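Working notes for the structure below.
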Amino acid sequence: MANRDKELEEEIYDKVVDLTEYAKRQRWWNRLFGKNSGPVAEKYSVATQLAIGGVSGWCAGYLFQKVGKVAATSVGGGLLLLQIANNSGYIQVDWKRVEKDVNKAKKQLKKGTDQARPELNTFVEKSTEFVKKNIVVTSGFAGGFLLGLVS
């Protein structure tokens, strides 16, 4: 029984591998996904790159807009409730302590901004390199993102 299951599993695996090899040899597959994994500019036409960038940018912008509205409403509502509770006498705020803590945080932020972390520098360099290699997709994404924010 175990041997039969194992043979069936191997047969299914072989068929799946054959199907992937078959799909790789097809012309539509090569046109859609490309033969190599180089930059997008080598695989697609300019119109396709703009469409892909624009659609993905619009989706990202639309989601950013919706999530941003929920986050702003949540933070604003929380601050409003805290202010109402403070005026009603439920909470007492030590404003001198708050001011002292804010000034302390400002000083720490000024110290931290003088020296940039190496991880941030490498991330910026990689991002810049990606944008340079895929300028058409990136510009389509930026335009779509702005349209998504507006819609």
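Being a predicted model, the structure only gives us computed values, none of them experimental.
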Might you point out which heavy atoms bring S139 and L50 nearest each other, and give the distance in Å?
OG-CD2, 4.2 Å
SG-CG distance between C59 and L147, expressed to the nearest 0.5 angstrom:
12.0 Å
Side-chain heavy atoms nearer than 4.5 Å, only ILVMFWY residues, links allowed to pass through others: does that put V136 and V131 together?
yes
Can you tell me how far apart CD (Q49) and CD1 (I135) are? Round to the nearest 0.5 Å.
10.5 Å
For residues 60-69, please give each side-chain donor-acceptor pair under 3.5 Å, one per line with the distance, not counting sequence neighbours.
{"from": "Q65", "atom 1": "NE2", "to": "L149", "atom 2": "O", "distance (Å)": "3.3"}
{"from": "Q65", "atom 1": "NE2", "to": "S151", "atom 2": "O", "distance (Å)": "3.0"}

Contacts under 3.5 angstrom, residues 80-102 side chains, donor-acceptor by atom type, not counting sequence neighbours:
{"from": "S88", "atom 1": "OG", "to": "I84", "atom 2": "O", "distance (Å)": "2.9"}

